[in-house]
A.B. asks: 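Before anything else, here's the structure in question.
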Number of protein chains: 2
Amino acid sequence: MSPASSTKERILGIARDLFARQGYTGTSIADIARELGTTTAALYYHFPSKADILRALLADPMAAYTRLLDGMRDTPLPPEELLGALIDLAAESRELAVIIDRDPAVLKLITDQLPQPSEQLNEQVIAALAGPDADHLATIRAHAAYSVTKNVTLAAMSLGAPGADNKLDPADRAEILHAALRALDQ
Amino acid sequence: MSPASSTKERILGIARDLFARQGYTGTSIADIARELGTTTAALYYHFPSKADILRALLADPMAAYTRLLDGMRDTPLPPEELLGALIDLAAESRELAVIIDRDPAVLKLITDQLPQPSEQLNEQVIAALAGPDADHLATIRAHAAYSVTKNVTLAAMSLGAPGADNKLDPADRAEILHAALRALDQ
DNA sequence: GTCTATACCCGGATAGAC
DNA sequence: GTCTATCCGGGTATAGAC
């Protein structure tokens, strides 16, 4: 899939891996350089800062997420399709999903410097799931459905375990989707 | 509830607050000292290390959690009661729940030095929810129910917002419980 | 119990040679 | 594109006076 293993690509791959395992704050530039087999100075030839490595990693997934929500303003998706899309997004950017809301420093980076407020991205999802004239309890059910799509997708892919090619088993996907729908529907 | 506001207690209160907001790694001893109105050196009179502050905070909630699971080996609880208990535990130690699985450094601290392996505490819960002869999809449903109890409880209490006295609205609790049960039951 | 001062280390980042 | 060397800041922790 990736054309060539340029140094830049290798760095991103290593960083994605280490960030997922140790967290963004818990991973040092030296850690990445060691895995890469070079010095920290060499890293700075390819990326101007540690934060830029993170931004490069998050750019695509964030864009996909934003695209989904923007599209929903024109043509609202039925809950089943929205939840399915959320599962797929979580599965695609598995490692990133782990990084994002586990590290306060990362949250800050995102909210500070990205086009959109991004904390309100989540709120948009909840609002879309809860429906137009949602009361408080409907909002809670929306949270429940969302929580299932995100967390159980990650859990299922960890369960699949060893080699598992970053692919979510279709049967698992169906089960997660149904569980989320049940949680949503009063 | 707390007898006197000894310095030790004040430190713990401030630390719980800051850890929840900035993460354990993201909070420095200096941060805590500033809030306390003293210097970092003063802090070290009360606690021998930063990790010890965290341990003091986690001791009670961890014990409660362990107690619940141990008790279940003798007399297994029906899913409804187990899920209810998990909601209550999450609500009681709201800030701590946030700290624990958001910071890899904290996970390490817990797994390293606590009596039980603790990563397997979660697995015990999943196993209990999935039932004795659970297949793969039943395990996924168990994850879904567990995810709802934990994450939606936290979300609901944040929603409650400002002053909210660390108390989970009974109506909210019921809604969370029902959503979790629906997610669990095929 | 709290202070000042400081040791020590580690992380991010830069300069400049090769 | 990678190296050596180094700066700087901030973090944990300690020594010792008060």
Side-chain angles (χ1 to χ4, degrees), chain A residues 2-59 99 102-113, chain B residues 2-58 99 102-110 112-113:
Chain A
S2 31
S5 172
S6 72
T7 306
K8 218 161 180 164
E9 301 288 341
R10 285 184 57 221
I11 292 173
L12 290 176
I14 292 169
R16 173 166 36 230
D17 195 54
L18 290 179
F19 288 170
R21 278 169 27 211
Q22 317 175 350
Y24 173 74
T25 311
T27 302
S28 73
I29 296 283
D31 288 339
I32 301 175
R34 192 178 314 116
E35 200 91 353
L36 185 66
T38 65
T39 61
T40 66
L43 261 177
Y44 279 93
Y45 173 82
H46 300 281
F47 291 94
S49 80
K50 184 185 172 185
D52 282 279
I53 298 179
L54 179 63
R55 272 189 286 269
L57 284 174
L58 295 183
I99 301 174
R102 287 212 178 171
D103 195 324
V106 174
L107 274 183
K108 202 159 182 303
L109 251 179
I110 297 179
T111 29
D112 279 3
Q113 343 193 351
Chain B
S2 31
S5 174
S6 73
T7 305
K8 219 162 178 163
E9 301 287 341
R10 286 185 57 222
I11 293 173
L12 289 175
I14 292 169
R16 172 165 37 229
D17 196 53
L18 290 178
F19 288 170
R21 278 169 28 210
Q22 317 175 349
Y24 173 74
T25 311
T27 301
S28 71
I29 297 283
D31 289 339
I32 302 175
R34 192 179 314 117
E35 200 92 352
L36 185 65
T38 66
T39 61
T40 66
L43 261 177
Y44 280 92
Y45 173 82
H46 300 280
F47 290 94
S49 79
K50 185 184 171 185
D52 282 280
I53 299 179
L54 179 63
R55 272 189 285 269
L57 283 174
L58 295 183
I99 301 174
R102 286 214 177 171
D103 195 323
V106 174
L107 274 184
K108 201 158 181 304
L109 252 179
I110 297 178
D112 279 3
Q113 344 192 348

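Chain naming here is simple, since letters A, B, ... match the order of the sequence lines and numbering starts at 1 in each.
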A.B. asks: Looking at the side chain of B:A41, which of D:dT2, C:dA5, D:dT12 is the nearest nucleotide?
C.D. replies: C:dA5
A.B. asks: What's the separation between atom OG1 in B:T7 and atom CZ in B:R10, rounded to the nearest 0.5 Å?
C.D. replies: 6.5 Å
A.B. asks: Over how many whole Å does the gap from A:I53 atom CD1 to C:dA13 atom P extend?
C.D. replies: 9 Å
A.B. asks: For the side chain of B:A42, counting heavy atoms from C-beta on, which of C:dC3, D:dT2, C:dG12 is nearest?
C.D. replies: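 Of C:dC3, D:dT2, C:dG12, C:dC3 is nearest to the side chain of B:A42.
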A.B. asks: Between A:T39 and D:dT2, is there a contact of a side-chain N or O with OP1 or OP2 at under 4.0 Å?
C.D. replies: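 So the side-chain polar atoms of A:T39 never come under 4.0 Å of the phosphate oxygens OP1 or OP2 of D:dT2.
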A.B. asks: Between D:dT12 atom P and B:R34 atom CZ, what is the distance in whole Å?
C.D. replies: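 About 11 Å, once rounded to whole Å.
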A.B. asks: Nearest 0.5 Å please: distance from the CD atom of B:Q22 over to the NZ atom of A:K108.
C.D. replies: 10.0 Å
A.B. asks: Hey, does A:T38 reach any base, or is it just sugar-phosphate, or nothing, if we go heavy atoms under 4.0 Å?
C.D. replies: sugar-phosphate
A.B. asks: I want to verify a distance call: between C:dA13, C:dT2, C:dG11, whose nearest atom is closest to the A:S28 side chain?
C.D. replies: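 Comparing C:dA13, C:dT2, C:dG11 against the side chain of A:S28, the answer is C:dG11.
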A.B. asks: Roughly, in whole Å, what's the span from OH in B:Y44 to C1' in C:dT4?
C.D. replies: 16 Å
A.B. asks: Looking at CD1 of A:I99 and OH of A:Y24, how far apart are the two atoms once the value is rounded to the nearest 0.5 Å?
C.D. replies: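 Answer for the CD1-OH pair, A:I99 versus A:Y24, is 10.5 Å.
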A.B. asks: Can you check the A:K8 NZ to D:dG1 P distance for me, whole Å?
C.D. replies: 9 Å
A.B. asks: Just one of A:I14, A:D17, A:L12, A:T40 clears the side chain to side chain contact (heavy atoms under 4.5 Å, CB included) bar with A:I32, so which one?
C.D. replies: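 Exactly one pass, corresponding to A:I14.
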A.B. asks: Rounded to the nearest angstrom, tell me the gap between atom OH in A:Y24 and atom P in C:dG11.
C.D. replies: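 Distance check: A:Y24 OH to C:dG11 P gives 14 Å.
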A.B. asks: Would you give the length of the straight line joining atom CG of B:D52 to atom CZ of B:F47, rounded to the nearest 0.5 angstrom?
C.D. replies: 8.0 Å
A.B. asks: Figure out the NZ/C1' separation between B:K50 and C:dC9, and round it to whole Å.
C.D. replies: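 These atoms are roughly 15 Å apart.
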A.B. asks: Please state how far atom CG in B:L43 lies from atom P in C:dT4, giving the value in whole angstrom units.
C.D. replies: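 These atoms are roughly 14 Å apart.
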A.B. asks: Could you state the CD-P distance from A:Q22 to C:dC10, rounded to the nearest angstrom?
C.D. replies: 15 Å
A.B. asks: Look at all strands and tell whether A:T25 reaches a base, only sugar-phosphate, or nothing, counting heavy atoms closer than 4.0 Å.
C.D. replies: nothing
A.B. asks: Is any side-chain nitrogen or oxygen of B:Y45 closer than 4.0 Å to OP1 or OP2 of C:dT2?
C.D. replies: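 B:Y45 to C:dT2 OP1/OP2: no side-chain N or O under 4.0 Å.
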